S.K.: 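To start, I am sharing the structure in question, which I have written as structure tokens.
Worth saying up front: this structure is predicted, and the values here are computed from it rather than measured.
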Amino acid sequence: MKWNLRWAAAKRDIWRPTQLQAAFREVGFTPSLSKVAALWSGKPVTVRLDDLDKICAALQCTVADLMEAEPVAAAEGHPETEQRAVGESGPARPIPRPGSGGARRSLPPN
């Protein structure tokens, strides 16, 4: 997910975390300045749904204005092509993880 809080805030002429905190107070949302600064400066790992609702109310926006979906494979740096064995034409086979019981013999560590 792409976090667009700054863009949504800029549409309301809010340019600093302290201004954002004041807008939050107007709708009864009172996070600490450090929490507001964390939301402002980067993509949060988690956001509570009730907090998200209050952020949207303060900025007069929707959740779609705050978050934008990104392709998962591109975001994690994985190629979007499947791995295939040489000469194989069927669907890709999963690669067993070490210790998953898929290997019959132990291999030396890398």
S.K.: Which heavy atom of Cys61 sits nearest a heavy atom of Ala8, and at what distance?
M.R.: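 Looking at all heavy atoms of both residues, the closest pair is SG-CB, 4.3 Å.
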
S.K.: Please list all pairs passing the salt bridge (charged side-chain N to carboxylate O under 4.0 Å, His left out) test where one or both residues lie in residues 16-31, with sequence neighbours left out.
M.R.: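 Of all non-adjacent pairs touching residues 16-31, none passes salt bridge (charged side-chain N to carboxylate O under 4.0 Å, His left out).
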
S.K.: Only counting residues at least two apart or in another chain, list the ones meeting side-chain hydrogen bond (donor to acceptor under 3.5 Å, both in side chains) with Trp7.
M.R.: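 Residues passing side-chain hydrogen bond (donor to acceptor under 3.5 Å, both in side chains) with Trp7: none at all.
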
S.K.: For residues 41-69, which residue pairs pass the ring pair (Phe, Tyr, Trp, His ring centres under 6.0 Å) check, not counting sequence neighbours?
M.R.: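 Not a single pair qualifies under ring pair (Phe, Tyr, Trp, His ring centres under 6.0 Å).
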
S.K.: Could you tell me the separation between the CD1 atom of Ile55 and the CZ atom of Arg48, rounded to the nearest 0.5 Å?
M.R.: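 One gets 11.5 Å once the value is rounded to the nearest 0.5 Å.
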
S.K.: Show me the pairs that pass side chain to side chain donor-acceptor pair (under 3.5 Å) and involve residues 57-67, at least two apart or across chains.
M.R.: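 Non-adjacent pairs meeting side chain to side chain donor-acceptor pair (under 3.5 Å): Thr62-Asp65.
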
S.K.: Is any side-chain heavy atom of Met67 less than 4.5 Å from a side-chain heavy atom of Leu52?
M.R.: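 When only atoms from C-beta onward are counted, Leu52 and Met67 do touch, with a gap below 4.5 Å.
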
S.K.: Enter the distance from Trp40:CH2 to Gln21:CD here, rounded to the nearest 0.5 Å.
M.R.: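 Those atoms lie 12.5 Å apart.
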
S.K.: Any non-hydrogen side-chain atom of Leu20 less than 4.5 Å from a side-chain atom of Leu39?
M.R.: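 They are not in contact (no side-chain heavy atoms under 4.5 Å apart), so the answer is no.
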
S.K.: Quick one: salt bridge (Lys or Arg N to Asp or Glu O under 4.0 Å) partners of Asp13, sequence neighbours excluded?
M.R.: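 For Asp13, no residue satisfies salt bridge (Lys or Arg N to Asp or Glu O under 4.0 Å) once neighbours in sequence are set aside.
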
S.K.: Looking only at heavy atoms, what is the nearest atom pair of Glu68 and Asn4, with distance?
M.R.: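 So the minimum-distance heavy-atom pair works out to OE1-ND2, 3.6 Å.
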
S.K.: Answer yes if Trp15 and Phe24 sit in the same cluster of Ile, Leu, Val, Met, Phe, Trp and Tyr residues linked by side chain heavy atoms under 4.5 Å apart, and no otherwise.
M.R.: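 No, because Trp15 and Phe24 fall into different hydrophobic clusters, even though each may have its own neighbours under 4.5 Å.
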
S.K.: Between Met1 and Lys43, which heavy-atom pair has the shortest distance, and what is it?
M.R.: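 Closest approach of Met1 to Lys43: O-CD, 3.0 Å.
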
S.K.: Would you mind writing out the side-chain donor-acceptor pairs for residues 27-38 within the sub-3.5 Å range, not counting sequence neighbours?
M.R.:
{"residue": "Ser32", "atom": "OG", "partner": "Ser34", "partner atom": "OG", "Å": "3.1"}
{"residue": "Ser32", "atom": "OG", "partner": "Lys35", "partner atom": "N", "Å": "3.2"}
{"residue": "Lys35", "atom": "NZ", "partner": "Asp51", "partner atom": "OD2", "Å": "3.0"}

